A.B. asks: 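Pasting in a structure now, in structure tokens, and then I'll have a few things to ask.
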2 protein chains.
Amino acid sequence: MSLLKEKILQVASDLFQTRGINSTGVDTIVAVAGTTKMTLYKHFHSKEGLIIEVLNEHYRHFHAWLSERLDRKKPAERLQKLFDFIEEWVSSPDFHGMAFLKASAEFPDASSPIHELSNTHSQQFRRYLAELAADAGIADAEGLALQLSLLIEGAMQAEQIKRGSGAIVYAKKAANILIKSSLR
Amino acid sequence: MSLLKEKILQVASDLFQTRGINSTGVDTIVAVAGTTKMTLYKHFHSKEGLIIEVLNEHYRHFHAWLSERLDRKKPAERLQKLFDFIEEWVSSPDFHGMAFLKASAEFPDASSPIHELSNTHSQQFRRYLAELAADAGIADAEGLALQLSLLIEGAMQAEQIKRGSGAIVYAKKAANILIKSSLR
DNA sequence: CAAAATATATACCGCACAGTATAGTCTACT
DNA sequence: AGTAGACTATACTGTGCGGTATATATTTTG
């Protein structure tokens with residue numbers, strides 16, 4: 001991947017997170033990235049295409065970051081450690097909300113490619129949680145995964161509305177109760 | 001309140017929910033409402049002022065709808081019935097996500113008046129849940145309220161990304177476990 | 001009836017938007 | 001040396017945006 005393309009992706013990701021997607025024009029993106037619109041449109045066929053690549057990159061990065069850490073734990077412990085890493089993720093000063101959650105709010109039309117991609121990422125995350133739950137020996141892995149995803153996405157939303165809300169700590173406590181309840 | 005002002009508020013609320021706030025122009029609003037921009041700007045000093053009134057109206061309506069139903073129940077039962085009404089609320093065909101959650105995604109800057117209002121509504125909702133929990137005799141009412149708010153807001157988000165996701169059913173089950181665990 | 005408030009119609013301003021056209025520059029490889 | 005590919009500079013198109021100016025019509029109220 002071209003250096004400039006990576007730079008554009010990274011700048012666009014930053015601006016989308018801090019100013020919103022619809023509120024960020026391509027002129028701003030190329031100005032901050034130190035390039036021109038001609039170059040941007042050689043790498044991306046449209047702004048929508050750029051948004052989709054940014055969202056994919058964001059989710060890929062999140063999933064790689066998380067699974068890399070959890071893979072080092074024993075399968076039975078992964079569900080327990082999950083919320084520690086989520087807490088670490090949302091506590092980063094660079095955290096400005098989960099990209100696919102915010103994108104679905106900015107593109108509410110269900111037939112929009114961007115909204116569809118949000119749904120895809122949401123399902124991928126849930127499926128990953130279900131794998132973790134299954135590895136931990138949970139019978140209703142899908143059910144618990146859905147409940148944990150509600151807690152995590154709710155906490156991410158809360159932290160996006162107000163930094164330092166402390167929502168993750170309570171989400172973790174709730175998750176532990178739900179996990180314990182699923183085990184017996 | 002003027003009939004036309006109410007009409008503008010209702011039309012703007014609809015369009016904001018279905019197309020997004022930033023993607024909805026004032027020209028569209030007045031065209032659908034069957035009036036003109038001059039009239040709109042007599043009732044609202046700016047688009048931002050209109051957005052704020054729409055958000056306030058939306059939260060006011062939600063809270064009135066919910067508390068009206070819960071007030072008819074005995075205090076000790078209210079927490080149990082809460083998720084039944086939330087389920088009814090999000091299952092309405094008119095449901096397109098919780099307004100203050102989506103607004104915070106479209107206006108990510110924490111110093112934006114709209115983002116601040118989102119935070120206010122989020123706190124108001126949490127405080128209301130804490131009252132319900134206290135009425136039900138929960139010791140750590142604030143803690144449980146925060147956890148329940150994560151489940152509810154997570155489920156609303158899930159239902160906004162994909163209608164008919166069934167997230168609320170699982171949120172309800174999780175809530176019952178958390179409530180039971182808080183009581184003992 | 002007269003005055004005052006309220007709503008309309010229409011045209012306009014300046015700006016930002018996504019996207020394109022044209023022409024020129026730089027670098028790298030053969 | 002020469003050519004191809006990547007990048008830049010700049011100007012442009014057309015559309016939609018938030019918001020205003022002006023002037024007229026309709027309704028309400030004293």
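Please read these numbers as outputs of a predicted model, since none were measured by experiment. Just so we're on the same page: letters track the sequence lines, and every chain starts at 1.
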A.B. asks: Which nucleotide in the list D:dG19, D:dA9, C:dA9 gets nearest to the side chain of B:T36?
C.D. replies: C:dA9
A.B. asks: Between D:dG19, D:dC7, C:dA18, which one does the side chain of A:L4 approach most closely?
C.D. replies: D:dC7
A.B. asks: C:dT8, OP1 or OP2 - any side-chain N/O from B:T35 closer than 4.0 Å?
C.D. replies: yes
A.B. asks: Nearest-Å distance, NZ (A:K42) to P (C:dA18)?
C.D. replies: 19 Å
A.B. asks: Of the nucleotides D:dT20, D:dT8, C:dA7, which one has an atom closest to the side chain of B:H43?
C.D. replies: C:dA7
A.B. asks: More than 12 heavy atoms of other residues, nucleotides or ligands under 6.0 Å from NZ of B:K172: yes or no?
C.D. replies: yes
A.B. asks: Between B:F62 and B:F125, is the ring centroid distance below 6.0 Å?
C.D. replies: yes
A.B. asks: A quick test of your reading: do over 12 heavy atoms of other residues, nucleotides or ligands sit less than 6.0 Å from NZ of A:K162?
C.D. replies: no
A.B. asks: Given D:dT20, C:dG19, D:dT8, identify the nucleotide with an atom nearest to the side chain of B:K37.
C.D. replies: D:dT20
A.B. asks: Report the distance from atom CG of A:D27 to atom P of C:dG19, rounded to the nearest whole Å.
C.D. replies: 11 Å
A.B. asks: Tell me the interatomic distance from B:I29, atom CD1, to D:dG19, atom C1', rounded to whole angstroms.
C.D. replies: 13 Å
A.B. asks: Nearest to the side chain of B:K47, which nucleotide is it out of D:dG19, D:dC7, C:dG19?
C.D. replies: D:dG19
A.B. asks: Whole angstroms only, please: what is the CD-C1' distance between B:E48 and D:dC17?
C.D. replies: 16 Å
A.B. asks: In whole angstrom, give the distance that lies between atom NE2 of B:H45 and atom C1' of D:dG18.
C.D. replies: 14 Å
A.B. asks: Check the phosphate of C:dA7 against B:S2, side-chain N and O only, distance under 4.0 Å to OP1 or OP2. Yes or no?
C.D. replies: yes
A.B. asks: Please tell me which of the listed nucleotides, D:dG18, C:dC17, C:dT8, lies nearest to the side chain of B:M38?
C.D. replies: C:dT8
A.B. asks: Between D:dT10, C:dA7, D:dG19, which one does the side chain of B:S46 approach most closely?
C.D. replies: D:dG19
A.B. asks: To the nearest Å, give me how far apart CZ (A:R19) and P (C:dC17) are.
C.D. replies: 10 Å
A.B. asks: Check the pair A:I21 / A:I114 against side chain to side chain contact (heavy atoms under 4.5 Å, CB included), numbers first and verdict last.
C.D. replies: CA-CA 11 Å; A:I21 299 175; A:I114 296 171; 5.5 Å; no
A.B. asks: For the residue pair A:Y59 and A:H121, does the interplanar ring angle fall in the parallel (under 30°), tilted (30 to 60°) or perpendicular (over 60°) class?
C.D. replies: parallel
A.B. asks: Considering only side-chain heavy atoms of A:T28, which listed nucleotide, C:dC17, D:dC17, C:dT20, is closest?
C.D. replies: C:dC17
A.B. asks: What is the distance, to the nearest angstrom, from the CD1 atom on B:I8 to the P atom on C:dT8?
C.D. replies: 8 Å
A.B. asks: Find the distance A:I114:CD1 to C:dA18:C1' and express it as a whole number of Å.
C.D. replies: 13 Å
